[in-house]
Amino acid sequence: MAKEKDFVKEITPQSEDFSRWYIDVITKADLMDYAPVRGCIVFKPDGYELWEACQRELDRRFKETGHRNAYFPLLIPESFFQKEKEHVEGFNPELPWVTQVGDDNLEERLAVRPTSETIFGYMYSQWIQSYRDLPLLINQWANVVRWEKRTLPFLRTSEFLWQEGHTAHATAQEAEEETKRMLEVYTDFCETELAIPVIQGQKTPSEKFPGAVATYSLEAMMKDGRALQAATSHYLGDNFARSFDIQFLDKDNERKFAHTTSWGMTTRIIGALIMVHGDDRGLQLPPRIAPTQVIVIPIGPAKTRERVLTAADAIVHTLKVAGVRVKMDASEDNSPGWKFNEYEMRGIPIRLEIGPRDLDASQVVLVRRDTGAKEATPIENVAQHVQDLLTTIQNSMYETALAFQEGRSQKVESVEALHHVVREEKGFALAGWCGDDICESQIKNETGATSRNIPFSPPATMDTCVVCNQPAKHTVWFARAY
RNA sequence: CGGAAUGUAGCUCAGCUUGGUAGAGCGCACGGUUCGGGACCGUGAGGCCGCAGGUUCGAAUCCUGUCAUUCCGACCA
């Protein structure tokens, strides 16, 4: 309907131009603003609040799995980067350097950290003496800088926020288990809190973290069918232990190198949240992560106002006591209709309307952001009803996202078919791969799609390489990626 | 970092071709009427036209440079 379209002004429809839709939404919903330095953004309160909610839920999970937080320095000596060859090659192009203090040159340049494996490695080498010091399980919440050529708010900014976990273990097996454990933690976070279905898998050698033995990732599908890496977890073997001399005396009185891991999730996940759930009306936040779960909108002319507000206040109180994150917009500056659209645009899961007609019937009206469904419910059990509805919405949003992802994913047996799936149908393509870098890069050159990961549980096993028709060593998801 | 486009009021944009008083809608402030899907009337505030040079009697307008944003490529979370 034409009328439908008028609900949200100034947001470009997704079908017309997804990129513009994304920029429109994050701007109109007041999540961020551009900063004066290229590629840098301000995380405005409404955007930062989303990150805080992610931090809260992730941090809880990290602590439950035995990790503790610490904070390591922003500046890292140049010599540290030289110690791990792949690592320095991987990050060198995007490192900003501090070379001067006042008018004096520094003896040694200091990198603004792009990631902290090196400085963790250095410190760990000093802290670890005995197998009794292991495992060492530390996480840090920090900002990092990577001077990317092309930036996009939340998805790729010059400076971003993240957490990075760094652990050291006595054996390879323990370290590998840690790597997988944290991948599970991220999976649970994405699926339970963000209602984002993810694909667990291992990165191909060309896509793995510089310096890692194995990199695992979670891949999520955005509404334009492109992939976004939601989290990574790396098994570093003893590469960094050897570079930084992290050794310990084991039970058998032998000196051994520790095995280390690292794993991270970034503010990019906010972009995923927006692009997985958002629609032409704006944001759509899953209840469990939504900073505000219910917006109460009192309705009615001045003569009934006091009566409505008194009842609305009581409902807000009831909901708060029940643990619901609720806010009321009782301002008289805007009409109810304006507020309806505004809070839908901001993605608040439930709108609670209350007006004189409701009071007469001892009810309120609840409206779901995800489906638009309206229902009246008696005031007396509103808290229980709201909580049930929040759970319903959370589950429904996950199911919707999962159905979308599965509907846009398919097996392919030729490069042409792969091209068609990722460019025309805009989805993920599952293909066999012989394991040769040349075949992998040919796919990238011809289709623009990259290997996302080798899934742990593929929906099918592919027998031959999609490029060379040799027997496939792996079944791989390919997609265009952010 | 290459290719393209765009920078004028808080936002969306017109004006630029053909140089000569800075514009509209929305938003904002004040007053009033309204209030169940972006209400209306009246009054008003708000701009070194991204920045720096140049051409010119005179530049938002022409030229050069620069910075930023968006899109497309190569690099990445």
Side-chain angles (χ1 to χ4, degrees), chain A residues 1 3-12 17-20 22-24 27-28 30 33-41 89-95 114-115 144-164 203 206-210 215 217-220 227-234 262-272 281-282 297-305 308 330-345 351 353-359 364-365 367 372 374 376 441 444-445 448 450 480-482:
Chain A
M1 283 182 270
K3 195 181 171 188
E4 190 84 0
K5 209 181 164 198
D6 288 333
F7 276 136
V8 181
K9 294 174 188 163
E10 295 172 359
I11 292 180
T12 307
D17 184 339
F18 193 82
S19 302
R20 273 197 63 187
Y22 177 74
I23 299 292
D24 286 348
T27 309
K28 301 295 186 296
D30 212 23
D33 199 1
Y34 294 99
V37 177
R38 168 170 196 283
C40 292
I41 61 168
E89 285 171 3
F91 282 105
N92 194 47
E94 49 195 43
L95 288 185
T115 180
V144 288
V145 173
R146 298 181 187 178
W147 216 257
E148 299 292 347
K149 307 294 187 209
R150 192 178 168 192
T151 60
L152 197 54
F154 295 120
L155 299 179
R156 217 171 19 248
T157 48
S158 298
E159 178 186 6
F160 57 94
L161 307 178
W162 75 346
Q163 56 70 216
E164 48 180 325
K203 286 290 189 183
S206 71
E207 295 278 332
K208 78 177 170 58
F209 179 75
T215 289
S217 77
L218 301 181
E219 303 290 331
L228 186 142
Q229 181 176 297
T232 49
S233 186
H234 315 292
S262 66
W263 27 273
M265 180 175 274
T266 79
T267 36
R268 160 179 272 195
I269 201 69
I270 296 170
R281 294 188 181 194
I297 299 183
I299 294 165
K303 57 181 177 290
T304 63
R305 188 149 198 94
V308 169
S331 72
E332 298 182 40
D333 304 335
N334 296 112
S335 68
W338 186 92
K339 293 176 187 174
F340 296 169
N341 288 293
E342 179 69 12
Y343 293 105
E344 277 172 8
M345 190 265 287
R351 174 171 78 245
E353 304 174 13
I354 178 165
R357 294 208 300 268
D358 298 310
L359 285 187
V364 296
V365 173
V367 185
K374 280 190 189 193
S441 66
K444 187 175 180 179
N445 294 336
T450 49
R480 299 186 71 204
Y482 277 100

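Order of the sequence lines sets the chain letters (A, B, ...), proteins ahead of strands, with each chain counted from 1.
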All N/O pairs under 3.5 Å across the protein-nucleotides 29-35 of chain B interface:
{"from": "C35(B)", "atom 1": "O2'", "to": "Gly300(A)", "atom 2": "N", "distance (Å)": "3.2"}

Reckon [X] touches a base, only the sugar-phosphate, or nothing at all at heavy-atom distances under 4.0 Å?
X	answer
Leu155(A)	base
Val365(A)	base
Phe91(A)	nothing
Pro210(A)	nothing
Ser19(A)	sugar-phosphate
Thr157(A)	base
Glu353(A)	base
Arg20(A)	nothing
Arg156(A)	base
Glu148(A)	base

Across all chains, not counting sequence neighbours, the salt bridge (charged side-chain N to carboxylate O under 4.0 Å, His left out) partners of Glu342(A) are Arg346(A)

Would you measure the distance from the C1' atom in C16(B) across to the matching atom in C11(B) and give it in whole Å? 22 Å

With rounding to the closest Å, how many angstrom separate the P atoms on U6(B) and A74(B)? 24 Å

Side chain of Tyr34(A) (C-beta onward), nearest among C1(B), G37(B), U70(B): U70(B)

Separation of Lys149(A) atom NZ from U70(B) atom P, in whole Å? 17 Å

Compare side-chain N and O positions of Arg480(A) against OP1 and OP2 of G73(B) and report whether any pair is under 4.0 Å apart. yes

With sequence neighbours excluded, residues passing ring pair (Phe, Tyr, Trp, His ring centres under 6.0 Å) with Tyr482(A): none

Under the ring pair (Phe, Tyr, Trp, His ring centres under 6.0 Å) test, which residues partner Phe154(A), sequence neighbours left out? Phe43(A)

I'd like to compare against my own output: the B/S/- annotation of nucleotides 2-9 of chain B with a strict under-4.0 Å heavy-atom distance to protein. --------

Would you please name every residue forming a side chain to side chain contact (heavy atoms under 4.5 Å, CB included) with Glu159(A), sequence neighbours left out? Asn143(A), Val145(A)

Who are the side-chain hydrogen bond (donor to acceptor under 3.5 Å, both in side chains) partners of Ser262(A), not counting sequence neighbours? Glu117(A)

Just jot down the side-chain hydrogen bond (donor to acceptor under 3.5 Å, both in side chains) partners of Thr215(A), sequence neighbours excluded, or say none. His234(A)

Listed once per pair and sorted, the side-chain hydrogen bond (donor to acceptor under 3.5 Å, both in side chains) pairs that draw on residues 146-156 of chain A, sequence neighbours left out: none

